[in-house]
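One structure is given here, and the rest of the page talks about it.
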Amino acid sequence: MTFATMLRGSFAAIAAMSLAACGINSVPTAEEEAKAKWADVEAQFQRRANLIPNLAEIVKGAGANERGILTEVTEARARATSVNVTADNLDDPAAMEQFAAAQGQLSQGIGRLLASFEAYPQIQSNQNYLAFQSQFEGTENRIAVAIRDYNEAVRQYNTTIRTFPDSIGANIIHGADPMVPYSAVTEGAEVAPTIDMTAN
């Protein structure tokens, strides 16, 4: 066996090992990062859900219209907390859409309720309301950041499993499916609600 033959054989072996290692570590690493970011999203949505009982106490002193909206918020909270997307079904678009819809309905309800309080100076000056409003705004910001971070982790994971050479390991070893980014599905959720105060 000549030196050139040995060199070609060594090169072929190194190339084969390199291809075989493609995606072995990078795919699970990217997947676990996306799952961890999803856990952050869930934690922030749960934090928001936990604020609703405080809101209920504040609303007790308000008018019938606000209590009606609170009922909607409470029901939306129950729906939102009953719809779960786990790390195992982050690749299921239908589950992600259902989760986003439930969270969007809760966002809209809380937004309508907070907007209705503008007609009540005594509520606006209430320390409990001010504390709740601050916590709610902070939670909404945390949710936005958590969703952004999750979507970036999903983008990185989806890019990893689709690009060479990691796609080799993603398809052969891991059987990786693309994950679904989070997106709001509630129509008009970005529009501030208007409240008809003549309904009382």
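Count residues from 1 along the sequence.
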Nearest 0.5 angstrom please: [X] [atom1] to [Y] [atom2], how far?
{"X": "Thr139", "Y": "Arg48", "atom1": "OG1", "atom2": "CZ", "result": "8.5 Å"}
{"X": "Tyr182", "Y": "Glu97", "atom1": "OH", "atom2": "CD", "result": "11.0 Å"}
{"X": "Lys35", "Y": "Asp40", "atom1": "NZ", "atom2": "CG", "result": "15.0 Å"}
{"X": "Thr86", "Y": "Phe99", "atom1": "OG1", "atom2": "CZ", "result": "11.0 Å"}
{"X": "Gln98", "Y": "Ser82", "atom1": "CD", "atom2": "OG", "result": "8.0 Å"}
{"X": "Phe136", "Y": "Ser107", "atom1": "CZ", "atom2": "OG", "result": "6.0 Å"}

Which heavy atom of [X] sits nearest to which heavy atom of [Y], and what is that distance?
{"X": "Ala100", "Y": "Ser183", "result": "CB-O, 3.3 Å"}
{"X": "Thr160", "Y": "Ala30", "result": "OG1-CB, 4.2 Å"}
{"X": "Tyr150", "Y": "Val41", "result": "CB-CG2, 3.7 Å"}

Exercise. With Asp92, which residues qualify under side chain to side chain contact (heavy atoms under 4.5 Å, CB included), at least two apart?
Worked result: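 Expected list: Asn89, Ala94, Ala95.
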For this session: Can you sort out the partners of Gln44 under side chain to side chain contact (heavy atoms under 4.5 Å, CB included), two or more places apart, ordered by chain and number?
Result: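 Once residues adjacent in sequence are excluded, the partners of Gln44 under the side chain to side chain contact (heavy atoms under 4.5 Å, CB included) criterion are Arg47, Arg142, Ile143, Ala146.
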For this session: Could you tell me whether the side chains of Asn50 and Gln46 share a donor-acceptor contact shorter than 3.5 Å?
Result: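 Yes - a donor-acceptor pair under 3.5 Å links their side chains.
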Exercise. Can a salt bridge be assigned to the pair Glu72 and Arg112 using a cut-off of 4.0 Å between side-chain N and carboxylate O?
Worked result: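 Looking at Glu72 and Arg112, the cut-off is met.
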Problem set entry | Pair Glu152 + Arg148: basic N to acidic O under 4.0 Å |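 Result for this pair is no, no salt bridge flagged.
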Less than 4.5 Å apart, side chain to side chain, heavy atoms only: is that true for [X] and [Y]?
{"X": "Pro178", "Y": "Asp91", "value": "no"}
{"X": "Met96", "Y": "Met179", "value": "no"}
{"X": "Ile52", "Y": "Ile110", "value": "yes"}
{"X": "Leu106", "Y": "Val73", "value": "yes"}

For this session: Could you tell me which residues satisfy salt bridge (charged side-chain N to carboxylate O under 4.0 Å, His left out) with Glu75, sequence neighbours excluded, listed by chain and number?
Result: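 Once residues adjacent in sequence are excluded, Glu75 has no partner under the salt bridge (charged side-chain N to carboxylate O under 4.0 Å, His left out) criterion.
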Exercise. Among the clusters formed by ILVMFWY side chains lying less than 4.5 Å apart, do Val83 and Trp38 turn up in the same one?
Worked result: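 Linked, Val83 and Trp38 end up in one cluster.
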Exercise. Between the main-chain N or O of Ala49 and the side-chain N or O of Arg77, is there a donor-acceptor pair closer than 3.5 Å?
Worked result: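 Confirmed, Arg77 side chain pairs with Ala49 backbone.
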Exercise. Is Ser134 reaching over with its side chain to a backbone N or O of Ala131, donor-acceptor style, under 3.5 angstrom?
Worked result: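 It does not hold such a pair.
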